[in-house]
There are 2 protein chains.
Amino acid sequence: MENRAAIAQAAVSEFSSRGYHGATIDAIADKAGMSKPNLLYYFPSKEVIYRTVLEQIVEEWLSPLMTLDPAADPVEELRRYITLKMRMSADRPQASRLFASEVLAGAPILKDFLETRLKSLVEEKSAILQGWIDAGKLAPVDPVHLIFMIWATTQHYADFEAQIDAVTGAQSKKPGFNEQASQAVLSILLNGIKPR
Amino acid sequence: MENRAAIAQAAVSEFSSRGYHGATIDAIADKAGMSKPNLLYYFPSKEVIYRTVLEQIVEEWLSPLMTLDPAADPVEELRRYITLKMRMSADRPQASRLFASEVLAGAPILKDFLETRLKSLVEEKSAILQGWIDAGKLAPVDPVHLIFMIWATTQHYADFEAQIDAVTGAQSKKPGFNEQASQAVLSILLNGIKPR
DNA sequence: CAAGATTTTGACCATTTGGTCGAAAGTTTT
DNA sequence: AAAACTTTCGACCAAATGGTCAAAATCTTG
């Protein structure tokens, strides 16, 4: 259904910049090119729209972590993962901000998801990291915190874009900025976890 | 004025958990223990309350960075700064989330502040970092991105508390968690920037 | 092309909410 | 203790907004 997709896209844009309460059905409908009652023909309520787009985003967000390969070289594997997350932040900053906004508010909708699927995924991947550490291929560091740090640094470039733009004088709009940021992040994180 | 302080505190709590639009004057007044008209006797409007608490927070947020001492040992100085930021995240998570929420929304109120005072502070402190790099005391890495990374990782523990709680099974409530997190963050960041 | 199904929307409603107002309650000053 | 000033609040208003509904427009199908 073409219309549902247009609505979802408009919703991500509105929810991410104005927050759940700040976004209005009217504005979403406008952006999707239809009237409010027409939008409500496709989605029963504002909350259902919100849940729907959140769920989509969360699925996409998860997938890169799921591919972590225990057989690969740890540093190269993490380089790949970090690079991928940096690209996602650059490509879909609104999606990142919508997710962040939900978690900031205490994750009222995603709480269950975070406690179940995300928790077990993190546990699973932490075990892989711990295996690498035990094999002496990574410096000894709590794997869960390492995962948090990767999320924090990579998503920061999307979530705090306004601050980064302000501080760098909108350098972040220029092509190559993302590569430069990736270089810095990779350099610090990978050096930080290489065994000495 | 005791009442203004109570209002400000209630406002930080409401704005940080419900966002600007989700927070209501009534709820803030309730939490501050007074009626809505009474609250509006102390602050002329919701937006002024918001601006006021944001400005307070931003001042506090800035101060640790200002103390960076070029004469000190780089690694020890950064250890001090990171530890301080981690403690701030643990002590005042709501303040952190309110700031994050403002930036997430595109920093409509703080834009000017970020482009002027924060920008020049970052430039000033970047120069110190660059000096350390030139002296061979730090690994060569873009100082601005290093500052972003420190902000990202430390504030993550406040801003994404809901996610961290969910994933760690509320371990983060236990005493010692913050120390453990600080250890991990310090270990990775400091190792990441030590010259090799 | 007519009957039926789907999609679209203008008009409307109920609730929420930011903010006002006038008066009451409390405090300070003379 | 009366006047003057500060603080508090019940009642109210106007605008915004989530959602409904019946009818119109459009599309599908026998």
Side-chain angles (χ1 to χ4, degrees), chain A residues 1-57 94 97-98 101-102 104-110, chain B residues 1-57 94 97-99 101-102 104-111:
Chain A
M1 212 162 272
E2 190 49 53
N3 273 338
R4 274 183 70 95
I7 293 168
Q9 200 182 331
V12 170
S13 168
E14 286 295 306
F15 283 131
S16 72
S17 67
R18 312 212 194 280
Y20 178 77
H21 294 282
T24 68
I25 302 188
D26 272 300
I28 297 172
D30 255 23
K31 203 167 265 189
M34 68 187 67
S35 66
K36 173 167 67 171
N38 197 15
L39 181 151
L40 289 175
Y41 173 77
Y42 290 99
F43 290 88
S45 72
K46 183 181 178 179
E47 202 198 310
V48 170
I49 307 175
Y50 182 71
R51 296 188 110 95
T52 304
V53 296
L54 251 191
E55 273 160 31
Q56 285 174 4
I57 288 170
Q94 288 182 331
R97 288 195 284 268
L98 178 45
S101 154
E102 160 72 7
L104 259 188
I109 305 294
L110 288 185
Chain B
M1 211 163 276
E2 190 50 51
N3 273 338
R4 274 183 69 96
I7 293 167
Q9 200 182 333
V12 170
S13 168
E14 285 297 304
F15 282 132
S16 72
S17 67
R18 311 213 195 281
Y20 178 77
H21 294 281
T24 68
I25 300 188
D26 272 300
I28 297 172
D30 255 22
K31 201 166 268 189
M34 69 187 66
S35 67
K36 174 166 68 171
N38 197 14
L39 181 149
L40 290 173
Y41 172 76
Y42 291 99
F43 289 89
S45 72
K46 183 181 178 179
E47 203 198 310
V48 170
I49 307 175
Y50 182 71
R51 296 189 108 97
T52 304
V53 295
L54 251 191
E55 274 161 31
Q56 284 174 4
I57 288 170
Q94 288 182 329
R97 287 195 284 269
L98 178 45
F99 177 78
S101 154
E102 160 72 9
L104 215 50
I109 305 295
L110 288 185
K111 198 170 191 56

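Both backbone and side-chain heavy atoms feed into the values below; hydrogens, waters and symmetry mates do not. Residue numbers start from 1 in every chain, and the chains themselves are labelled A, B, ... in the order their sequence lines are given, proteins ahead of strands. It should be emphasised that the depicted structure is a prediction, and the values quoted were computed from it without experimental measurement.
Between the side chain of B:Lys36 and the base of C:dG18, at least one donor-acceptor pair of N or O atoms lies under 3.5 Å.
Interatomic distance, A:Lys46 NZ to A:Thr24 OG1, rounded to the nearest 0.5 Å: 7.0 Å. To the nearest 0.5 angstrom, B:Thr52 atom OG1 is 10.0 Å from B:Glu47 atom CD. Taking CD of A:Glu55 as the start and OH of A:Tyr50 as the end, the distance is 11.5 Å to the nearest 0.5 Å. Interatomic distance, A:His21 NE2 to B:Arg18 CZ, rounded to the nearest 0.5 Å: 7.0 Å. For the atom pair A:Arg4 CZ and A:Leu39 CG, the distance stands at 10.0 Å (nearest 0.5 Å).
Atom CD1 in B:Ile49 sits roughly 11 Å away from atom C1' in C:dG19 (whole-Å rounding). The separation between A:Asp26 atom CG and C:dA11 atom P is 14 Å, rounded to whole Å. The CG-C1' distance, from B:Asn3 to D:dT8, rounds to 10 Å in whole Å. Here the C1' atom of nucleotide D:dG10 and the CE atom of B:Met34 are 17 Å apart, to the nearest Å. If you measure from atom CG of A:Leu40 to atom P of C:dT8, you get 13 Å, rounded to the nearest angstrom. For A:Ile28 and D:dG19, the CD1 to C1' distance is 14 Å, given to the nearest whole Å. If you measure from atom CG of A:Asp30 to atom C1' of D:dT17, you get 14 Å, rounded to the nearest angstrom. We find that CG of B:Leu39 is positioned 19 Å from P of D:dT6, with the value rounded to whole Å.
In the set D:dC9, D:dT6, D:dT17, the nucleotide with an atom closest to the side chain of B:Asn38 is D:dC9. Side-chain proximity of A:Tyr41 to C:dT7, D:dG18, C:dT17: nearest is C:dT7. Proximity note for B:Ile25 (side chain, C-beta onward) versus C:dT20, C:dG18, D:dT8: the nearest is C:dG18. When distances run from any side-chain atom of A:Pro37 to the nucleotides D:dC21, C:dG18, D:dT7, the shortest one goes to D:dC21. Ranking D:dT7, C:dG18, C:dT8 by closeness to the B:Thr24 side chain, first place goes to C:dG18. The A:Ser45 side chain lies nearest to D:dG19 when the options are C:dG19, C:dT9, D:dG19.
Within 4.0 Å of A:Ala27, counting heavy atoms only, lies no atom of the nucleic acid at all.
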